[in-house]
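Working notes, beginning with the structure itself.
Computed from a predicted structure; not experimentally measured.
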Amino acid sequence: MQQLARHPAPEVRARLATALYLDADHDLQGRRELILQLCQDGDVSVRANAFGATASLVEQLDVMQFVANWAAQDPSPEVQAQCLSAIALAHNYGGADLVFDTYLQHAQGNPSADVRKEITERLHWLPTDPRLTQLVTTLLSDRSSEVRRSMAWQGCNMEEHPELGQLFVHTAVNDPDDAVRADALRGIDKFMPLPEAVQFLRQRLAADRNEKAFWAALNAVEGHMPAREAQALLQEIARGPFSSAGERAREVLAGE
């Protein structure tokens, strides 16, 4: 493996990094050292794969600190994103401050929208904490609509965080991008009882008469079938102005 780690073809070194993550026995002698060696490779793809592999070392806080520090210095957004992904579960092993501090640093100051978007996809694993609220607030107001949309969609995974509900409600009403508003609607049922959620969805469909909003409302309630409130809203969507959403609503009502 040391020979492969020094192979002149970066694709070979990158494949080795992935294999050390996915295929190698985690107790393999020298595995940690080889992954960390590849993390410092001169090729971006090798470093990215190697930092992805450090997720398998998440219980080792010294490694997670190394990964977090590297995220602040590597010039490649791809590598930075892999670093932020790798540390996501470190809070389970005593690394909550490391994760929150690193994520806040990049959410507030990283120039790459792709990196900031990576953070949105990891937040649902984090515990309740004022810093989580700060992160979600920051990312729901990001200058990039793609980052805001990704964060808004994650409301679907935030049912364990009722304290965040008003942030997603505010986004569903006030974001300037209709796609972001719609994605904030998708998980609105996670933050309020179904009757209240359906009432709110009706209000939004009256204000946002666009297909994205209708699909989002459909997605929000179809998992609650056969509840009376869900059926009623699906019937309204089935009679609505958008044929594809209407067809899907009829399928759900028919149990298909």
- Would you say the side chains of N69 and Q73 form a donor-acceptor pair under 3.5 Å? no
- Message: With side chain to side chain donor-acceptor pair (under 3.5 Å) as the criterion, how do E163 and T133 come out once you've worked through the C-alpha distance, each side chain's angles and the decisive distance to 0.1 Å?
- Response: CA-CA 8 Å; E163 75 280 3; T133 302; 4.8 Å; no
Throw together a table of side-chain donor-acceptor distances under 3.5 angstrom for residues 77-89, partners on residues two or more places apart or in other chains.
| residue | atom | partner | partner atom | Å |
| --- | --- | --- | --- | --- |
| Q80 | OE1 | N110 | ND2 | 2.8 |
| Q80 | NE2 | D74 | O | 2.7 |

- Note on the structure: Note: T171 and R181 closest approach over all heavy atoms is O-CG, 3.6 Å
- Please report the C-alpha distance between D101 and Q105 in whole Å, then the side-chain angles of each, then the deciding distance to 0.1 Å, and finally whether the side-chain contact (heavy atoms from CB on, under 4.5 Å) criterion is met. CA-CA 6 Å; D101 292 347; Q105 174 190 351; over 6 Å; no
- Task: For the residue pair M64 and Y93, establish whether any side-chain heavy-atom pair is separated by less than 4.5 Å.
- Result: no
- Note on the structure: Heavy-atom closest pair (V99 atom, A90 atom, distance to 0.1 Å) is CG2-CB, 3.8 Å
- Message: Keeping D208 on the side-chain end and R204 on the backbone end, is there a donor-acceptor pair under 3.5 Å?
- Response: no
- Task: Taking R250 for its side chain and A238 for its backbone only, find out whether a donor-acceptor pair lies under 3.5 Å.
- Result: yes
- N/O donor-acceptor pair under 3.5 Å between E118 side chain and D114 backbone: no
- Message: Quick one, V221 and Q231 - any side-chain contact, counting heavy atoms below 4.5 Å?
- Response: no
- T128 and H161 side chains, donor-acceptor separation under 3.5 Å: yes
- What is the distance from atom CG of L167 to atom CZ of F191, rounded to the nearest 0.5 Å? 8.5 Å
- What distance separates E236 CD from F214 CZ, expressed to the nearest 0.5 Å? 9.0 Å
- Item | For the student: nearest non-hydrogen atoms of L185 and A220, plus distance | O-CB, 3.7 Å
- Assess whether side-chain contact (heavy atoms from CB on, under 4.5 Å) is satisfied between N219 and E222, documenting all intermediate values. CA-CA 6 Å; N219 294 152; E222 65 176 317; 3.4 Å; yes
- Query: Do other residues, nucleotides or ligands put more than 12 heavy atoms under 6.0 Å from the CD atom of Q166?
  - Reply: no
- Item | Sidechain N-carboxylate O distance under 4.0 Å for D41, R13 | yes
- Distance-minimising heavy-atom pair for V180 and S145: CG2-O, 3.6 Å
- Item | Non-hydrogen side-chain atoms of N157 and K190 separated by less than 4.5 Å | no
- Query: Does the pair R32/D62 count as a salt bridge with the N-to-O cut at 4.0 Å?
  - Reply: yes
- Single-linkage hydrophobic cluster W153~V115, side-chain heavy atoms < 4.5 angstrom: no
- Query: How far does CG of L123 sit from CD1 of I119, to the nearest 0.5 angstrom?
  - Reply: 7.5 Å
- Message: A quick test of your reading: do over 12 heavy atoms of other residues, nucleotides or ligands sit less than 6.0 Å from CZ of R202?
- Response: yes
- Query: Mind checking whether C156 and F168 have side chains closer than 4.5 Å, heavy atoms only?
  - Reply: no
- What are the two closest non-hydrogen atoms of L132 and F100, and how far apart are they? N-CE2, 3.7 Å
- Task: Ignoring hydrogens and angles, state whether a donor on the side chain of E11 or S45 is under 3.5 Å from an acceptor on the partner side chain.
- Result: no
- Message: How long is the straight-line distance from CD of E159 back to CG of L164, given to the nearest 0.5 Å?
- Response: 11.5 Å
- Min side-chain heavy-atom separation W125-N92 under 4.5 Å: no
- Any side-chain heavy atom of R148 sitting closer than 4.5 Å to one from P176? yes
- In this structure, NE2 of H91 is separated from CG of D97 (nearest 0.5 Å) by 12.5 Å
- Does any donor atom in the side chain of T138 or R116 lie under 3.5 Å from an acceptor atom in the other side chain? no
- Query: Looking at D23 and R15, does any basic side-chain N land under 4.0 Å from a carboxylate oxygen?
  - Reply: yes
- Task: Mind checking salt bridge (Lys or Arg N to Asp or Glu O under 4.0 Å) for E121 and listing every partner two or more places apart, or none if nothing turns up?
- Result: none
- Message: Taking the side chain as everything from C-beta on, heavy atoms only, tell me whether I188 gets closer than 4.5 Å to M192.
- Response: yes
- Item | The single option from L4, V46, I35 passing side chain to side chain contact (heavy atoms under 4.5 Å, CB included) against L16 | L4
- Query: Roughly how far apart are L218 CG and L233 CG, rounded to 0.5 Å?
  - Reply: 8.0 Å
- Message: With side-chain contact (heavy atoms from CB on, under 4.5 Å) as the criterion, how do M1 and L20 come out once you've worked through the C-alpha distance, each side chain's angles and the decisive distance to 0.1 Å?
- Response: CA-CA 10 Å; M1 286 191 294; L20 287 167; 3.8 Å; yes
- Message: Give me the atom names and distance for the closest heavy-atom approach of H26 to Y21.
- Response: NE2-O, 3.6 Å
- Query: Between the side chain of T120 and the main-chain N/O of K117, is any donor-acceptor distance below 3.5 Å?
  - Reply: yes
- Message: Evaluate T54 against F66 for side-chain contact (heavy atoms from CB on, under 4.5 Å), listing each step before the verdict.
- Response: CA-CA 10 Å; T54 64; F66 165 75; 5.8 Å; no
- Student check: side-chain heavy atoms of L38 and F51 closer than 4.5 Å: no
- Check salt bridge (Lys or Arg N to Asp or Glu O under 4.0 Å) between D189 and all other residues, then give those that pass, not counting sequence neighbours. none
